[in-house]
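Contents: one structure, followed by commentary.
Computation of the quantities below employed the complete heavy-atom set of this structure, encompassing side-chain atoms and omitting hydrogens, waters and symmetry-equivalent molecules. Lettering follows sequence order; numbering is per chain, from 1. What you are looking at is a predicted structure, and each value in this text was computed from that prediction instead of being measured.
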Number of protein chains: 2
Amino acid sequence: MTTIKDIARVAGVSVTTVSRALNGYSDVNEETRKKIVEVAKQLNYSPNTLARGLVMKKSKTIGLLVSGMNRENAKDNFTFQVLCGINECASVREYDLILFNTDSSRQREKTYTQLCRERKVDGVIIQGIKLDDPYLKEVMESNIPCVLVDIPVETKTVGYVSTDNVLGAKKAVEHLIELGHRNIAMVNGYKQAFVSQQRLKGYEKALKEHGIKVKKNWIVDGEFEEEKAKEVVLSLLSSAPDITAIFCASDLMALGALKACQQQGISVPHDLSIAGYDDILLASYVTPPLTTVSQNIFEIGYEAADLLIDMLEGKAQKHHRILETKLVQRKSSARIVNI
Amino acid sequence: MTTIKDIARVAGVSVTTVSRALNGYSDVNEETRKKIVEVAKQLNYSPNTLARGLVMKKSKTIGLLVSGMNRENAKDNFTFQVLCGINECASVREYDLILFNTDSSRQREKTYTQLCRERKVDGVIIQGIKLDDPYLKEVMESNIPCVLVDIPVETKTVGYVSTDNVLGAKKAVEHLIELGHRNIAMVNGYKQAFVSQQRLKGYEKALKEHGIKVKKNWIVDGEFEEEKAKEVVLSLLSSAPDITAIFCASDLMALGALKACQQQGISVPHDLSIAGYDDILLASYVTPPLTTVSQNIFEIGYEAADLLIDMLEGKAQKHHRILETKLVQRKSSARIVNI
DNA sequence: GTGAAAGCGCTAACAG
DNA sequence: CTGTTAGCGCTTTCAC
């Protein structure tokens, strides 16, 4: 393995000069630099980032704390899309990514700070964490630069990227209202999830602004699961048959709602309109295709990385970025039929 | 930041002893060790993996060379499932993962070997690479331990994990034959893909073993794309209307075939049976649900990491692992109707 | 413009 | 069982 020492020897200069030449310092004779670069190439030199990191206390590395990279969640590609976005940006800005695992009990023994310090990451992006996760508290106490996905915390070292979930939900519900619906139920995720809280807010806001009363018992939790959502929708519909539309806080739950309707012989969208959230791949493939709120997930990842690196390099003023959502109208929602 | 030096000072021993104690060497007095461990905890010590890696020339890190983590591929969750498997295993065996990017032109400037050496990864897992990718050649020339996903190369330092694609395809085609089909076409991916070559082999094998002649012009390439597959199926069916079943080398292409049938008013499975490959999430959601060959993708990732780590730790005899596939019978294939 | 020397935090002979 | 010492490959004062 070639080191700068080797280069120094061959080029007949000192290691100091080699270091300076290779790192583009100005105070090196152009001749000398050329020579050094040449030799480096010739010897097929690659710098040792460990050694560099050791002395510089910077590694040009971003840690990724992603919950849900396990067997159960392998089919959820939200996380993957975020990852792709992060990856793309990191690569453009020449950072490497290191994946921490937060799932296995083994790693759980290590604290967040330990994880980061051991690997000397410059900063961290956290995705898929819940509001009540113990890591979250640590994040805010530690002084390691960090960007959260979909959790609105902003401090000197912590920032976040999210979409406007209130507005997104509002758009969906308003769409239903415009179709003539007044009896609109909501299947939410779970209360600890920030996005759930926001989407609920959007739902209530839309109703109120249109003079529709919010009925608490028409708001049920589907825990972001298809099966669970199906169950709650079944019981919801049996107890309140006058509901004509359901807004679901995720497409997966909308799928569950769809199944519930199928089972009950309720025709969607003729008898009941359904709107989802996320615009997952499946949304356009199911029958009927799902009306849903689309967020550019890749972009979320990209912006998260971009924000973090800006923070690391002292280029960020505000530590948050909010992305837009877009209502995608498909076939699961329709104008209400007057009976 | 606490270092072993600090611990040594506080505990009143030398750094050597601290190092030995913390790394679980046997030749340390139990008393001393207890003391040291205590102090370490008290000072909230985390080892600096950079420093350790520098001297040990090992980093307990696996590099991930994943093509297709970009905007276009964000929706493909094969890669993600592999990733999840790798992640799970790595975490169990206490390795960290570092994500290299092979997409951006910037990184492309660096050779594979450079990428690995700079970061001092112990080994690499490569996924999503094509047979004609220049990196592949490098991989085989370099002496960095490496495990390939779905590419059968086995050397002293290179291994691979794959499923038995010949057998998988054979299962699917045999299933169609058992349903009474004799006129079975195949929509393949593209010729440079190893899996395509294998699946073709399985297709031909199944036919031959049942005394059915292989018709070359019934084998078309759909380039693993839904739209393209739809096109080729349309022209295939118009030129050979006696085809009663189609085996597609991927579910995505099977979806395309399904759309082609829909467009032509061909009823699946009544008029035509379709079998896919992969068992992607969509497969069970489309109408009719797709009969397909399922591979445990998570497991592929898991085994890839496991194999690599075995290789790194000198525990691997053979450098390949072949996983099983499973035929999943759904509604897109049915017994042939005698007209 | 260049070099000598120190040191980042850790491990590993070697000696005791 | 424990400490002394050297050194991994690199950057960075500080002199010259």
Are any of [X]'s side-chain N or O atoms less than 4.0 Å away from OP1 or OP2 of [N]?
X: A:Thr17; N: C:dG3; value: yes
X: B:Tyr45; N: C:dC10; value: yes
X: A:Thr32; N: C:dT2; value: yes
X: B:Lys57; N: D:dG9; value: yes
X: B:Ser14; N: D:dG3; value: yes
X: A:Asn48; N: D:dC8; value: no
X: B:Tyr25; N: C:dT11; value: no

Would you state whether a donor and an acceptor, one from the side chain of B:Arg20 and one from the base of D:dG3, lie under 3.5 Å apart? yes

So does B:Ser19 reach the base of C:dA12 with its side chain, donor to acceptor, closer than 3.5 Å?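 Such a pair does not exist between side chain and base.
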
Tell me: [atom1] of [X] to [atom2] of [N], nearest whole Å?
X: A:Lys5; N: C:dA5; atom1: NZ; atom2: P; answer: 13 Å
X: B:Arg33; N: D:dC1; atom1: CZ; atom2: C1'; answer: 11 Å
X: A:Leu22; N: D:dG9; atom1: CG; atom2: P; answer: 16 Å

Are any of the side-chain nitrogens in [X] or [Y] under 4.0 Å away from the carboxylate oxygens of its partner?
X: A:Arg93; Y: A:Asp306; result: yes
X: B:Lys318; Y: B:Glu154; result: no
X: B:Glu30; Y: B:Arg33; result: yes

At under 4.0 Å between heavy atoms, what does A:Thr3 touch on the DNA or RNA strands: base, sugar-phosphate, or nothing?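 If one applies the 4.0 Å heavy-atom cut-off, A:Thr3 turns out to touch the sugar-phosphate alone, with no base involved.
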
Any donor-acceptor pair under 3.5 Å linking the side-chain atoms of A:Thr61 with those of A:Asp96?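 Checked: A:Asp96/A:Thr61 side chains show no N/O donor-acceptor pair below 3.5 Å.
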
